[in-house]
Each structure stands twice: as C-alpha cells, then as structure tokens.
Amino acid sequence: MSRKKAVKGKAATSSPSAGSPTGKGTGKAAKSSPGIVQMNGVVHPSRPSISNSSEFYDIAFKVMLVGDSGVGKTCLLVRFKDGAFLAGSFISTVGIDFRIWDTAGQERFRSVTHAYYRDAHALLLLYDVTNKSSFDNIQAWLTEIHEYAQQDVVLMLLGNKADATHERVVKREDGERLAKEFGVPFMETSARSGLNVELAFTAVAKELKHRSMKDPSEKFKLQEYVNKEMKSTGCCRS
Ligand SMILES: Nc1nc2c(ncn2[C@@H]2O[C@H](COP(=O)(O)OP(=O)(O)OP(=O)(O)O)[C@@H](O)[C@H]2O)c(=O)[nH]1
Ligand SMILES: [Mg+2]
C-alpha cells in the first residue's frame with residue numbers, strides 16, 4: 001500500500017509537565033508525553049474534509065502515539081511521515097507539536113491529553129527497548145488508556161529502538177509476553193533504521209478501515225496481519 005496515497009498522516013506530539021502515568025518517569029528522561037498523529041484514510045476526493053486542510057476524505061481516524069518521554073514517538077512519526085530519522089540531540093516535545101494542533105499550555109496539558117484519548121480511534125503505545133522503566137511503565141499507561149480512551153480503541157504495543165542492539169535491556173520476548181498478557185498486538189520498531197515503522201501504521205490503518213466497513217464476517221486480525229507481513233518480507237525480528 002502506498003502510504004502517501006492511501007493514508008494521509010499528520011502529526012503532532014506533546015509533553016505534559018507531569019511524568020509518566022506512574023509519575024516515575026523513564027529514568028532517562030524525567031517527563032513523559034503522548035504524541036498525537038492524525039491519520040486520514042483517503043477514499044474519494046468528493047466529500048467535505050473533516051480536517052482543517054484543503055484535502056477531502058471519506059473517513060478520518062485519529063491515532064495517538066503514547067508512551068514515556070524519550071521512547072521515540074516523535075522520531076517514529078517523522079520516520080513514517082518523511083522517511084527520515086531525527087538524528088542529533090533529543091528535543092523533548094512540549095505541549096502539542098505545531099504541525100497540526102496548536103499547543104495547549106503545559107499546565108493544562110494533562111487534561112487536554114485525556115480529552116484527546118477520548119476521541120482517539122487508535123493508540124500506538126511505545127516503550128524503548130533500551131530503557132527498562134519505559135517498559136515497566138507500560139502497565140500504568142494501559143491503566144490510563146482504559147480509563148480515558150474509548151473501549152474499542154485500536155491499541156498496539158511497540159518496542160522502539162530495536163536497532164540499538166548493544167544498549168538493549170528489554171528482550172523481544174518480554175514485550176511479546178506483556179502484549180499477550182494484555183491481549184494487545186505487538187511488534188518491535190526502529191525509527192532509526194525504519195524497521196516495521198510503515199507496517200505499524202499500515203496495520204493500524206487497515207484495522208480501522210475494516211472496522212469502519214462494519215462487516216463482521218470479515219474480521220481483520222491485526223497481529224496475524226503483522227506476523228504474515230513480517231514473514232513475507234523476511235523482516236524483521238531483531
Ligand atoms: N537508536 C535509536 N534512537 C532513537 C530511536 N527513536 C528515537 N531515538 C532517539 O531517542 C531520543 C528521543 O526521541 P523522541 O522521538 O524525541 O522521543 P519522544 O518519545 O517523542 O519524547 P517526548 O517528546 O519527550 O515525549 C532522540 O535522541 C532520538 O534520536 C530509534 O529507533 N533508535
Ligand atoms: Mg516527542
């Protein structure tokens with residue numbers, strides 16, 4: 001699937017002044033922030049746009065990237081959107097990135113985030129395989145998600161920075177186990193190498209599209225799709 005044609009990705013990321021859901025932070029960076037990406041599934045250029053852009057969509061989905069600060073949400077988004085890696089020093093996202101939504105003040109950000117959860121169709125929940133506390137905080141993120149997100153939100157767990165072999169402290173099996181425990185699809189990604197980035201967004205977009213078609217006979221199985229795609233490309237279990 002051509003991402004540019006079929007899915008319009010728009011992105012914004014944000015950081016609250018508070019820490020991760022546990023308030024513990026990641027150890028590597030004190031703050032945590034959800035990032036937000038809006039994905040619009042393009043079908044016909046005939047209907048009024050529900051976004052603020054001049055483009056037209058039949059359906060639009062709101063996808064949020066969430067997880068501790070520094071796990072790579074902004075980088076993942078940039079990799080998906082622009083095919084590039086943001087090298088250099090880490091600039092933590094403040095408030096909501098300007099690319100789509102204007103920022104709310106940091107003080108108010110937490111409640112704004114919760115409001116965003118409420119109408120999110122999908123959440124990509126990230127941890128950093130080189131940062132144990134970002135992995136340990138996943139349970140707290142899930143609690144927050146269950147509290148604020150819609151019950152049927154599409155959820156996917158991503159272990160990012162899979163390229164960082166030497167610094168890795170969270171095994172892929174640990175991610176798989178956690179995901180299984182909570183019944184969430186899972187894969188490892190790398191914003192640096194591009195590993196599974198396209199696949200993560202495409203899988204979520206496909207799931208959302210299937211759901212919107214409301215054909216119960218054709219249930220889309222996200223994890224099966226991901227596994228099949230990874231097998232067919234010989235890619236990419238680090
Ligand atoms: N090796 C490696 N480094 C990465 C990867 N993704 C992000 N990074 C690095 O991790 C740091 C944080 O990345 P960001 O994308 O800014 O993290 P974030 O989750 O958006 O952080 P906040 O905006 O504070 O919530 C940066 O220094 C990136 O270069 C990756 O896949 N591999
Ligand atoms: Mg960010």
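Counting convention: from 1, in listed order, for ligands and their atoms alike.
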- Tell me which one of Lys161, Lys73, Arg79 gets a heavy atom nearest to atom 4 (C) of ligand 1. Lys161

- Message: Quick check on the Mg ion (ligand 2): does Thr74 put an N/O/S atom closer than 2.8 Å to it?
- Response: yes

- What do we get for Asp68 next to ligand 1 when only non-hydrogen atoms under 4.0 Å count, side chain, backbone, both or neither? backbone

- Item | Distance, nearest 0.5 Å, that separates CE of Met156 from CG of Leu126 | 10.0 Å

- Task: Considering the heavy atoms of Thr74, write down every atom of ligand 1 situated less than 4.0 Å from one of them.
- Result: 15 (O), 20 (O)

- Query: Heavy-atom distance to atom 7 (C) of ligand 1: which of Ala162, Ala164, Cys75 wins?
  - Reply: Cys75

- Note on the structure: For Asn160, the atoms of ligand 1 under 4.0 Å from one of its heavy atoms are 5 (C), 6 (N), 31 (O)

- Message: Taking the basic N atoms (NZ, or NE/NH1/NH2) and the acidic carboxylate oxygens, is any pair closer than 4.0 Å for Arg177 and Glu173?
- Response: no

- What ring-ring contact (aromatic ring centres under 6.0 Å, His included) pairs are there with at least one residue in residues 165-200, not counting sequence neighbours? none

- Query: Relative to each other, are the rings of Phe135 and Tyr127 parallel, tilted or perpendicular (30° and 60° limits)?
  - Reply: perpendicular

- Do Asp163 and Ser193 have side-chain atoms, one donor and one acceptor, less than 3.5 Å apart? no

- Taking 4.0 angstrom as the limit, do Glu229 and Lys206 come out as a salt bridge? no

- Item | ligand 1-proximal atoms of Asp163, by part, heavy-atom distance under 4.0 Å | side chain

- Message: Would Ala191 count as being in polar contact with ligand 1, using the rule that some N or O on each side must be under 3.5 angstrom apart?
- Response: yes

